[in-house]
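This chain uses plain numbering: 1 for the first residue, then up along the sequence. When a ligand or atom number is given, it counts from 1 through the structure's own listing order. Every heavy atom of this structure was used, including side-chain atoms; hydrogens, water molecules and symmetry mates were not.
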Amino acid sequence: MSDKQLKNEIEKRRTFAIISHPDAGKTTLTEKFLLYGGAINLAGSVKGKATARHAVSDWMEIEKERGISVTSSVLQFNYGGFCINILDTPGHQDFSEDTYRTLMAADSAVMVIDAAKGVEPQTRKLFKVCAMRKIPVFTFMNKLDRDARDPFELLDDIENELGIPTCPMNWPIGSGKEFKGVYDRQDECVIVYSDTQKGTKEGHAERIPLSDEDALQKALGESAFSKLMEDVEILDGAGSSFDQEEVDAGMLSPVFFGSALTNFGVEIFLQYFLKMTTTPLPRKADIGLIDPVSNDFSAFVFKIQANMNKAHRDRIAFMRICSGKFTAGMEVWHMQGDKEMRLSAPQQMMASERHIVDEAYAGDIIGVFDPGIFSIGDTVCTAGNKFAYEGIPTFAPEHFARVRQMDTMKRKQFVKGITQIAQEGAIQIFREMNTGLEEIIVGVVGVLQFEVLKYRLENEYNVEIRMDTLPYEHIRWIKDTGIDPEKITGTSDMKKVVDMKDRPLLLFVNSWSIGMTLDRNEGLELEEFSRN
Ligand code: G4P
């Protein structure tokens with residue numbers, strides 16, 4: 001393959017995550033993207049919602065059988081000359097640290113917001129992770145076919161709640177039964193939608209230039225027309241103007257209005273988004289920034305999926321390729337293991353099924369068979385060009401429980417099991433400062449992980465446990481500013497713990513006591529993420 005072909009392959013890739021609060025419409029929007037990409041024929045296939053066809057992971061089936069779902073799947077499809085990788089960030093009950101880690105593998109994010117609700121708690125959490133990485137965030141304001149909040153108010157909500165300026169790229173004309181279409185601000189055209197059959201892409205859209213007032217009045221009706229004219233004047237006079245550099249730096253969020261369910265505004269969103277979002281980004285490593293367009297293959301592990309089948313203890317390590325080209329069976333250098341290895345059974349999620357991949361490029365995600373050697377954040381590269389990517393941060397858990405084994409004779413298996421599960425990154429374990437592992441405190445991002453832990457300890461390690469939930473909701477790493485953790489004084493309900501790497505942390509019942517503790521201890525700095 002020539003250098004030019006390699007560059008083309010890499011530069012046509014767009015790898016992004018879709019983030020939202022449950023029920024905002026992430027699945028529906030993903031489905032419509034796949035529909036436009038020709039990857040599925042019928043909407044409703046994703047997650048086997050309306051039809052029996054399953055567009056996503058068969059691992060999910062296994063998880064479903066067990067009543068838990070832990071997978072973030074990756075969907076790949078082509079559209080308009082681009083090769084698109086969508087990273088699904090699990091929401092609902094399966095919200096976990098994996099949801100955050102998946103964002104480490106994305107180059108940008110689409111944030112779906114329910115226009116009747118505005119910014120919701122999960123949107124806020126996921127946005128924070130995107131903001132930490134300064135990746136571009138594009139907003140799709142969804143469900144305009146239902147009565148929505150005032151669009152100006154929705155923009156204010158994003159700016160106030162998330163602290164990012166917005167730039168509306170299109171503007172809705174009415175909402176609910178009165179939803180007529182959107183005004184494309186760059187093109188200065190109004191796109192009027194006729195009825196679109198649910199789940200198909202055959203809907204009729206008519207473009208009318210804003211300057212053609214007669215045609216617009218006819219299409220929209222007098223009152224919608226004058227409201228639009230008023231809005232356009234306000235928009236042009238106020239608000240941030242589009243600036244690609246600010247978008248690239250994650251400092252401005254372009255906003256699109258539409259309705260994923262009825263297809264209104266979905267395809268123009270996709271088209272604009274693909275033009276504005278980034279090609280695979282260079283990544284930080286210990287030798288500096290690594291250019292994705294390179295002859296040297298490299299990738300990092302962002303997620304490890306334990307095999308749910310008891311008979312097979314193997315795991316799948318999900319890797320984001322950051323530079324070069326991957327070919328099946330290639331020899332790679334595993335930095336953390338300090339040895340050469342062959343990546344066996346690489347798999348990639350296509351829209352409809354799991355494939356064995358022959359080749360993949362920077363920007364793509366592959367899942368490789370892991371006999372238990374990989375950890376989250378590990379780097380694989382070529383033996384000729386060795387380096388390690390920056391680690392993946394540990395995210396603050398939000399739910400805590402004290403865990404003990406029921407049978408004291410099984411102490412060894414218990415510690416082994418819980419430590420291994422923590423190493424896979426499914427849970428985090430802590431102990432009280434100055435004690436041994438007698439009392440283990442488990443922290444998780446999503447409560448379902450407690451059940452996963454219990455199930456796995458019972459089934460894989462034959463250990464029954466007792467779990468007592470603790471009232472803590474916040475955990476903070478203590479930044480090393482010379483303060484002695486032992487001397488920190490806080491509220492009476494604060495607890496001092498250490499993590500697996502002996503780093504000191506504080507547990508708090510509410511955010512008020514975080515503030516109190518910061519006030520009482522001069523020079524104390526607390527962090528919500530911890531770099532590994
Ligand atoms: P999620 O992945 O973000 O959790 O949301 P999902 O797409 O599953 O959508 C949640 C619900 O909102 C679904 O309804 C879906 O049909 C509906 N929805 C999504 N986009 C739109 C939209 O643009 N307009 C309207 N009116 N509804 C929308 P459901 O009744 O929970 O599920 P279903 O039975 O329709 O599948």
Are any of the N/O atoms in [X] less than 3.5 Å from those in ligand 1?
X: Leu29; value: no
X: Pro22; value: no
X: Leu144; value: no

| Counterpart residues, side-chain hydrogen bond (donor to acceptor under 3.5 Å, both in side chains), relative to Asn160 (two or more places apart) | none

| For atom 22 (C) of ligand 1, the option (of Val266, Val112, Leu261) bearing the nearest heavy atom |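 Closest candidate by heavy-atom distance is Leu261.
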
Could you list which atoms of ligand 1 come closer than 4.0 Å to a heavy atom of [X]?
X: Ser20; answer: 3 (O)
X: Asp23; answer: 1 (P), 3 (O), 4 (O), 5 (O), 10 (C), 12 (O)
X: Lys26; answer: 1 (P), 2 (O), 3 (O), 5 (O), 7 (O)

| task | Answer whether the closest heavy-atom distance between the side chains of Met276 and Phe242 falls below 4.5 Å. | result |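 Yes, their side chains come closer than 4.5 Å.
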
| message | Taking the cut-offs as 6.0 angstrom to the six-membered ring centre and 45 degrees off its axis, would you call Lys303 and Phe318 a cation-pi pair? | response |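 Yes.
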
| message | Whether the side chain of Arg133 engages the backbone of Ala106 through a donor-acceptor N/O pair (distance < 3.5 Å, no angle test) should be reported. | response |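 Yes; at least one donor-acceptor contact below 3.5 Å.
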
| Ignoring hydrogens and geometry, is there a side-chain-to-backbone donor-acceptor pair from Asn170 to Tyr183 under 3.5 Å? | no

For [X], which part has a heavy atom under 4.0 Å from ligand 1: side chain, backbone, both, or neither?
X: Lys143; value: both
X: Asp145; value: side chain
X: Asn142; value: side chain

| In Å and rounded to the nearest 0.5 Å, what is the CE to CD distance from Met251 to Glu245? | 10.5 Å

| message | Counting only heavy atoms from other residues, nucleotides and ligands, does the tally under 6.0 Å from NZ of Lys125 exceed 12? | response |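 Counting other residues, nucleotides and ligands, NZ of Lys125 exceeds 12 neighbours.
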
